[in-house]
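The next block holds one structure in the form of structure tokens; read it before the comments.
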Amino acid sequence: DHIGVDCRVAYSIMLKTRAQLVAMHGELEHEHVDEIMGHLAETEEWLKATAYMVNVIRRRAGLCST
């Protein structure tokens with residue numbers, strides 16, 4: 001299960017400046033970047049499905065109006 005790790009990776013990348021990202025890009029192995037991006041895409045889909053599930057549960061329980 002890599003969801004937690006991927007969320008932390010995404011958060012740390014989000015906090016970097018454009019200059020830091022450009023500098024980092026030159027230092028990383030592209031195969032490793034591809035692997036990270038694949039994991040982030042899987043995590044995104046998992047989080048979307050989880051958010052949908054929570055929304056459905058809240059609606060069924062009458063906890064939100066939308």
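Below, all heavy atoms of this structure are taken into account, side chains as well, without hydrogens, waters or symmetry copies.
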Just how far is it from atom [atom1] of [X] to atom [atom2] of [Y], taken to the nearest 0.5 Å?
X   : Y   : atom1 : atom2 : result
N55 : T50 : CG    : OG1   : 12.5 Å
R8  : H2  : CZ    : NE2   : 12.5 Å
E29 : D34 : CD    : CG    : 11.0 Å

Connected via hydrophobic side-chain network under 4.5 Å: [X] and [Y]:
X   : Y   : result
V9  : M37 : yes
L40 : L21 : yes
V22 : L28 : no
I36 : M14 : no

As a test of understanding, state which of V5, D6, I3 forms a side chain to side chain contact (heavy atoms under 4.5 Å, CB included) with H39.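 So the option named by the test is D6.
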Among R60, M53, R59, exactly one meets side chain to side chain contact (heavy atoms under 4.5 Å, CB included) together with V56. Which residue is that? R60
Considering all heavy atoms of both residues, which atom of L15 and which atom of Q20 are nearest to each other, and what is their separation?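 In this case the closest contact between L15 and Q20 is O-OE1, 4.4 Å.
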